[in-house]
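Positions are given from 1 along the sequence. All values below come from the heavy atoms of this structure, side chains included, with hydrogens, waters and symmetry mates left out.
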Amino acid sequence: MSKTEKRLLHSIKVQTAKANRDNISRTKAYEHFFQKHPEIQWSFLAGMVSRNAGWNMCDLEGIWFSRMLGLEYRRHLFLTYEEANWRIFQDAYPQLLLYHHSKRCRRPLFYLGRFFFITQFMTNAWNAFWKHGNREQLVTALIINEQNIIEKPVIKRLPFVFHSILFFLQDWMHFSTVLFPTCHGKLYGSSVSHFRNIDERIKLGERLAGLLFSEELFPFFYEFSCRTEATGARYDYEQYRKKPRYHETPMLRKVYPVITHQISETEQWDMNRRVKKDWLIEPNWEEDPQLTKWYDHKQKQLHTAVMVKNLLF
């Protein structure tokens with residue numbers, strides 16, 4: 001490698017480590033990157049999904065889930081969210097930075113991805129995007145990649161979380177829903193009812209991408225992102241509701257420490273797993289993406305479940 005390439009690699013490693021500090025820093029890094037490079041739509045999708053991860057983390061220490069779930073289980077759930085999102089960022093952000101520097105140099109630098117253990121699948125996807133500029137294909141490739149990145153080290157490795165009765169209950173009640181808020185108080189999104197199934201998670205990501213960048217709704221989601229500081233508390237979007245709930249969940253940095261992760265090589269999943277044709281087909285919508293009333297109903301279900309548990313136990 002040339003000295004310039006070595007300096008670039010070092011710079012990317014430093015920037016990635018700094019931005020991968022916690023959920024808030026990840027969210028800001030993704031969304032800031034999209035503001036600079038709006039053609040990389042996945043970055044905005046990742047930012048909005050990262051906001052949801054923060055809300056889910058902070059729910060665990062909010063006034064409702066803390067009454068329903070034990071301390072140890074809440075800790076395991078938090079660490080699961082944290083590790084999954086850390087791993088995705090650790091793999092994806094160097095890819096984004098390589099694209100940024102490729103634009104500056106006016107030549108593709110994706111061959112340097114091997115120094116960050118980026119899969120050949122994604123190297124090919126970035127080179128194809130550089131040549132043809134197909135935004136949707138790149139989004140799909142990144143969704144497929146991120147879900148395969150966490151499949152073995154997170155989903156398969158943590159049976160305590162993903163095979164528990166509580167997780168089955170959460171899965172069945174569709175509390176694992178990704179929400180895209182607006183500054184007008186409306187909520188949009190989609191659910192996955194079989195979170196452990198990688199095919200279902202990939203379909204969810206593709207549905208969310210289609211929703212986020214729909215011509216009618218994208219301006220409202222982008223307005224929310226620009227106007228709303230990410231804190232991890234659900235008040236981030238509750239503040240825009242007609243009857244906002246005040247601070248039922250805490251801000252992330254007030255309740256969680258920075259977690260130190262062990263840096264290791266990312267699995268080259270594309271060497272052991274084939275890319276299924278179904279992953280490349282855009283899923284059809286079979287649900288109403290407007291979830292404002294649905295969300296209120298689910299909140300009532302949660303509150304009822306907590307009150308019943310307190311009465312029984």
| note | dist W86:CH2 -> T260:OG1 (nearest 0.5 Å) comes out at 10.5 Å
| task | Measure from the side-chain N and O atoms of T16 to the backbone N and O of K13, and report whether any donor-acceptor pair falls under 3.5 Å. | result | no
| task | For the pair K28 and E229, find out whether any cationic side-chain nitrogen is under 4.0 Å from an anionic carboxylate oxygen. | result | yes
| remark: Closest heavy-atom pair, S191 versus L204, reported as atoms and distance to 0.1 Å, is O-CD1, 3.7 Å
| said: Same cluster or not: I281 versus V139, using hydrophobic residues (I, L, V, M, F, W, Y) connected whenever any side-chain heavy atoms lie under 4.5 Å apart? | reply: no
| Can M307 be reached from F65 by stepping across I, L, V, M, F, W or Y side chains whose heavy atoms are under 4.5 Å apart? | no
| request: Give a yes or no on whether F220 atom CZ has more than 12 heavy-atom contacts from other residues, nucleotides or ligands under 6.0 Å away. | output: no
| query | Between E82 and R75, is the closest basic N to carboxylate O distance under 4.0 Å? | reply | no
| request: Check step by step if ring-ring contact (aromatic ring centres under 6.0 Å, His included) holds for W42 and Y30. | output: CA-CA 9 Å; W42 181 86; Y30 283 135; 5.5 Å; yes
| Below 4.5 Å, heavy atoms only, C-beta onward: do H10 and V14 meet side chain to side chain? | yes
| field | Any side-chain donor near an acceptor of the partner, W279 and Q147, under 3.5 Å | value | no
| query | If you measure from OG1 on T177 to CG on N52, what distance do you get to the nearest 0.5 Å? | reply | 9.0 Å
| Atom pair CD (E39) and CG (L138), whose distance is rounded to the nearest 0.5 Å | 9.5 Å
| task | Would you mind reporting whether K152 and W269 have side-chain heavy atoms less than 4.5 Å apart? | result | no
| With hydrophobic residues grouped by side-chain heavy-atom distances under 4.5 Å, do M251 and M57 end up in a single group? | no
| request: Write down the atom of D288, the atom of L291, and the distance for their closest heavy-atom approach. | output: O-CD2, 3.5 Å
| Between the main-chain N or O of A19 and the side-chain N or O of S25, is there a donor-acceptor pair closer than 3.5 Å? | yes
| query | How about P94 and Q15: do any of their side-chain heavy atoms sit closer than 4.5 Å? | reply | no
| field | Check: Y240 and T228 side chains under 4.5 Å, non-hydrogen atoms | value | yes
| message | Could you tell me if R273 and N148 have a donor-acceptor pair between their side chains, going purely by distance under 3.5 Å? | response | yes
| said: Evaluate I202 against K276 for side chain to side chain contact (heavy atoms under 4.5 Å, CB included), listing each step before the verdict. | reply: CA-CA 11 Å; I202 289 172; K276 297 181 181 180; over 6 Å; no
| request: For atom NZ of K186, decide whether the heavy atoms of other residues, nucleotides or ligands shown that lie under 6.0 angstrom number more than 12. | output: no
| note | By side chain to side chain donor-acceptor pair (under 3.5 Å), E238 pairs with (sequence neighbours left out) R245, Y295
| request: Could you check F221, Y222, Y188, F224 and say which one makes a ring-ring contact (aromatic ring centres under 6.0 Å, His included) with F180? | output: F221
| field | Exceeds 12 heavy-atom contacts within 6.0 angstrom, atom CE of M1 | value | yes
| request: On the 0 to 90° scale, with breaks at 30° and 60°, tag the Y99-F110 ring pair as parallel, tilted or perpendicular. | output: parallel
| Have R207 and S190 got a donor and an acceptor in their side chains that come within less than 3.5 Å? | yes
| request: Please lay out, stage by stage, how R201 and I155 fare under the test side chain to side chain contact (heavy atoms under 4.5 Å, CB included). | output: CA-CA 11 Å; R201 297 199 309 275; I155 307 299; 3.8 Å; yes
| query | What distance do W64 atom CH2 and T304 atom OG1 have between them, rounded to the nearest 0.5 Å? | reply | 8.5 Å
| message | Check for me, please, whether V275 and I143 land in the same ILVMFWY cluster - side-chain distances under 4.5 Å, paths through other members count. | response | yes
| query | Would V258 and I24 show up in the same hydrophobic cluster when neighbours are defined by side-chain heavy atoms closer than 4.5 Å? | reply | no
| task | Output every pair passing salt bridge (Lys or Arg N to Asp or Glu O under 4.0 Å) with a member in residues 41-61, not counting sequence neighbours, ordered by first then second residue. | result | E31-R51, D59-R234, E61-R74
| message | Looking at every heavy atom in both N134 and F129, which two are closest together, and how far apart are they? | response | O-CD1, 3.5 Å
| Backbone of A141 reached by a side-chain donor or acceptor of N145 within 3.5 Å | no
| If we ignore angles and hydrogens, is there a donor and acceptor under 3.5 Å between the side chains of Q120 and D270? | no
| field | Side-chain touch F44/S225, heavy atoms, less than 4.5 angstrom | value | yes
| Within a strict 4.5 Å, meaning less than it, do heavy atoms of the P108 and K131 side chains meet? | no
| Do you know the tightest heavy-atom contact between L45 and G205? | CD2-O, 4.1 Å
| In Å and rounded to the nearest 0.5 Å, what is the OH to SG distance from Y81 to C58? | 11.0 Å
| Side chains of K298 and Q301, donor plus acceptor under 3.5 Å | yes
| task | Determine yes or no for a side-chain-to-main-chain donor-acceptor pair under 3.5 angstrom, with S102 supplying the side chain and L98 the backbone. | result | yes
| task | Kindly give the heavy-atom pair with the smallest separation between I149 and R87, and that separation in Å. | result | CG2-O, 4.1 Å
| said: For the backbone of L179 and the side chain of Y237, can you confirm whether one donor and one acceptor N or O come within less than 3.5 Å of each other? | reply: no
| field | Side-chain heavy-atom pair Q41, L212 within 4.5 angstrom cut-off | value | no
| remark: The reported gap from NE2 in H100 to SG in C105 (rounded to nearest 0.5 angstrom) is 9.0 Å
| Beyond-backbone contact of T140 with E206, side-chain heavy atoms, under 4.5 angstrom | yes
| message | For H261, I'd like to know if atom NE2 has over 12 heavy atoms of other residues, nucleotides or ligands within 6.0 Å. | response | yes
| request: Quick one: do N20 and Y93 satisfy side chain to side chain contact (heavy atoms under 4.5 Å, CB included)? Show the steps, please. | output: CA-CA 9 Å; N20 206 3; Y93 200 60; over 6 Å; no
| request: Report the C-alpha distance between F115 and E5 in whole Å, list the side-chain angles of each, state the deciding distance to 0.1 Å, and finish with yes or no for side chain to side chain contact (heavy atoms under 4.5 Å, CB included). | output: CA-CA 11 Å; F115 294 102; E5 288 173 330; over 6 Å; no
| note | Scanning both residues in full, the closest heavy-atom pair of W55 with G232 reads CD1-O, 3.1 Å
| Does a donor on one side chain and an acceptor on the other come within less than 3.5 Å for Q95 and W126? | yes
| task | Without swapping roles, check the side chain of D91 against the backbone of E146 for a donor-acceptor pair under 3.5 Å. | result | no
